[in-house]
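Both counts, for ligands and for their atoms, begin at 1 and track the order of listing. All residue numbers in this chain count up from 1 along the given sequence. All heavy atoms count here, side chains included; hydrogens, waters and symmetry mates do not.
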Amino acid sequence: MDELPGGIRRVTFPLPLGIDHVHCYLLPGHDGWTLVDTGLGLPDAAERWRPALEGLEVVRIVITHFHPDHAGGGSDAQVLTGAQVLQGADDYEQCVRVWGSEDWSERMADHLQGHGLPDELAAELRHESRAFAPFIRFARDPELLLEGGEVDGWRVLELPGHADGHICLERDGVLVAGDHLLDAITPTVGLYPESRPDPLGDYQASLRRTIELAPRLALPGHGDPVADPAGRARELLEHHERRLEHTAAALGAGPRSGYDVSRDLFGDELDASDRRFALAETLAHLERLVHEGRAARRFADNRVTYTAT
Ligand SMILES: [Zn+2]
């Protein structure tokens with residue numbers, strides 16, 4: 001556990017896949033502690049939490065977004081602390097739609113197959129997503145948070161993009177950022193089934209809002225604290241502008257699938273899991289180009305393709 005300015009504590013857990021760790025934060029308050037995010041719901045999640053929470057009265061748990069490494073340990077943390085869980089209203093709805101259903105991995109694989117993902121990669125994804133399901137033990141029936149709300153003196157901000165209903169907390173220039181803003185890593189932004197239609201447009205708007213807000217410090221879900229959040233938001237906007245140009249350059253008069261474009265942008269050497277992120281990210285950029293009038297989407301024979309306009 002690390003002590004941060006303002007009496008905030010950071011608890012870090014290792015992750016078995018992808019990014020190798022996740023941070024959760026404990027915010028001191030007048031009536032007890034607010035825990036932000038809960039890590040992955042590994043079988044020993046409660047044991048992992050116990051030492052960090054020893055002697056602390058946690059009175060509420062806030063979930064920034066429904067991804068497994070943030071919401072997955074929600075139920076364990078709730079049982080251990082007896083605290084009320086709070087989660088963004090849109091985010092909880094999506095959380096239930098995704099993790100509360102039996103056939104999510106089928107819907108995801110069908111969606112990506114419709115964008116040209118080869119059958120054998122889709123089959124691998126179906127298998128992998130099912131294997132992951134036991135580690136997502138989110139807390140049911142949280143108190144729902146909305147933009148402009150307040151949690152023990154912290155302002156609730158809806159900053160969609162990395163997840164449709166992603167929320168952050170802000171007080172005195174400190175942004176508890178979840179994965180909205182990361183320092184050395186570019187937060188993923190992807191188009192998923194039954195999600196908002198233009199996630200990259202959402203994310204660009206959230207980054208612009210972060211620049212206006214100009215917090216002095218952001219505490220992210222992964223990596224080091226962000227000392228210049230507005231500067232980092234500008235970098236991320238530039239990154240996506242460059243990627244939009246590359247995406248536009250991959251399109252021509254003939255129809256191309258999102259999968260084909262993702263191979264131009266991310267190469268051919270990805271396993272099924274990384275290909276899923278690469279394809280979802282490519283689709284977010286293609287849909288942004290459609291919204292900007294720079295690309296057209298067509299649907300025929302159960303396949304979606306894109307052309308330049
Ligand atoms: Zn994360």
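The Zn ion (ligand 1) has His222 among its coordinating residues (N/O/S atom, backbone or side chain, under 2.8 Å). Here His67 fails the criterion, with no N, O or S atom under 2.8 Å of the Zn ion (ligand 1).
Shortest distance from the Zn ion (ligand 1) to Asp179 is reached at OD2 (N/O/S atoms only).
His70 contributes NE2 and Asp69 contributes OD2; the angle these two atoms make at the Zn ion (ligand 1) is 100°, rounded to 10°.
Of the residues listed (His67, His65, His70), the one engaging Asp37 in a side-chain hydrogen bond (donor to acceptor under 3.5 Å, both in side chains) is His70, and it is the only one.
For the 3.5 Å distance criterion, the side chains of Ser206 and His180 fail to qualify, holding no donor opposite an acceptor. One side chain, Arg298 or Thr307, offers a donor N or O that lies under 3.5 Å from an acceptor on the other.
More than 12 heavy atoms of other residues, nucleotides or ligands shown are found within 6.0 angstrom of NE2 on His21.
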